[in-house]
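Just below is one structure, and these are the notes that go with it.
Note that the structure is predicted; figures quoted are calculated from it, not measured. Atoms within a ligand are numbered from 1 in the order they appear, just like the ligands themselves.
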Amino acid sequence: MTQQARSYKEELVGVFGYPVAENPTCVMQQAAFEARGLQWRYLTIEVRPEQLADAMRGLRAFNMRGINLTIPHKVAVIPYLDRLSPEAELIGAVNTVVAQGNELIGYNTDGKGFLRSVREDAGVDPRGKRVVFLGAGGAARAMAVEMALAGVSHITIVNRTPARGEELARHLRERTHVVAEYVPWQEEYVVPPDVDILINATSIGLFPNVSETPRVAMSSIRKDLLVCDVIPNPPRTAFLAAAERQGARTLDGLGMLVYQGAIAFQMWTGVEPPIDVMRRALEEVFGS
Ligand code: NDP
């Protein structure tokens, strides 16, 4: 009987962030690699901003298959990449890098993950819908660009800091075909009656500040509105719970987190991602 040579080499991916210790993506991706029998390892790596250039050289030197980027590297990483996908270029930020031959290619899967969750978890086709985003940060930008590309008819950006909100609305108008406007966020936001989808894209309500909710007049939340939250931890935010009490349908941020990771998994490995395994792994982390 001949003995087969065993390979001890693992294919490496991971995340660069600062801080990064509490990022749970490793749990989801590692569970997916194991479920698919892949000899891959997802590393959670703390990279200080001033060491990003060295870290990207290390990524190439270690022949890593790719990397996720989180705060504060999503924009700063761009000069170290060979190419960007059209969506990453439009969003202006990268959360997933894929190594292809000698090239590092930047993608943004945050907005695509959200879109897939809207379609598959909420069962809503965004085409022709009127959408309101609370917030204009990195997550709102990625989601709004993908929603515009998916054919929503109208986007309203509601943000505390006017310059950031105005800039995002202008960017959407100039770079996509969507009708987009900025609305200042002074008092409680009253949701207009023709809005189809309302999205909290701020960090309000994120663990440990779980009792905080964005300032929205809850009486303006109707039964036929889809109310979404980007916050994955806790999945059932106080905002979503309040919207449910008004009779609205809700969509939590866990689906977005699972799908953005699943899209990265598929791009890195070429293997169909085990969505249920990934979701369960995160649910265990968040205790839901
Ligand atoms: P940013 O820091 O880029 O943006 C934060 C946004 O929240 C800004 O619009 C900011 O307004 C607003 N904001 C924060 N605090 C308040 C407040 N007290 N009152 C009013 N507005 C406020 O963060 P990101 O966009 O990267 O992330 C936002 C959230 O999205 C985070 O909680 C993150 O965990 C979540 N996220 C979830 C993902 C998922 O897969 N589910 C993926 C990525 C992010 P201003 O401009 O005025 O400062």
Point to revise | Basic-acidic side-chain contact under 4.0 Å: Lys129, Asp194 | key: no
Point to revise | salt bridge (Lys or Arg N to Asp or Glu O under 4.0 Å) against Asp110, all qualifying residues, sequence neighbours excluded | key: Lys74
Exercise for review: Before accepting this row, confirm whether a basic side-chain N of the pair Arg36/Glu34 lies closer than 4.0 Å to the acidic partner's carboxylate O.
Suggested key: no
Review point. If you measure only the distance, is there a donor-acceptor pair under 3.5 Å linking the side chains of Asn159 and Thr161?
Key: no
Exercise for review: Starting from the C-alpha separation in whole Å, work towards a yes-or-no answer on side-chain contact (heavy atoms from CB on, under 4.5 Å) for Arg173 and Val179.
Suggested key: CA-CA 6 Å; Arg173 279 196 304 273; Val179 179; over 6 Å; no
Exercise for review: Check whether the ring centres of Phe286 and Phe207 lie less than 6.0 Å apart, and answer yes or no.
Suggested key: no
Review point. Counting both backbone and side chain atoms, is some N or O of Trp185 under 3.5 Å from an N or O of ligand 1?
Key: no
Check your understanding: Does atom 22 (C) of ligand 1 have a protein heavy-atom neighbour under 4.0 Å away?
Key -> yes
Exercise for review: Give the residue and atom name of whichever protein heavy atom lies nearest to atom 48 (O) of ligand 1, and the separation in Å to one decimal.
Suggested key: Arg160 NH2, 2.9 Å
Practice item. Give yes or no for whether the N/O distance cutoff of 3.5 Å, strictly under, is met between Ile231 and ligand 1. Key: no
Review point. Closer than 4.0 angstrom: is that true for some heavy atom of Gly113 and an atom of ligand 1?
Key: no
Review point. Pro214: heavy atom below 4.0 Å from ligand 1, yes or no?
Key: no
Check your understanding: Taking distance alone, with no angle check, do Ala201 and ligand 1 share an N/O pair under 3.5 Å?
Key -> no
Review point. Short N/O distance, under 3.5 Å, between Gly138 and ligand 1?
Key: yes
Check your understanding: Below 3.5 angstrom, do we get any N/O pair linking Gly253 and ligand 1?
Key -> yes
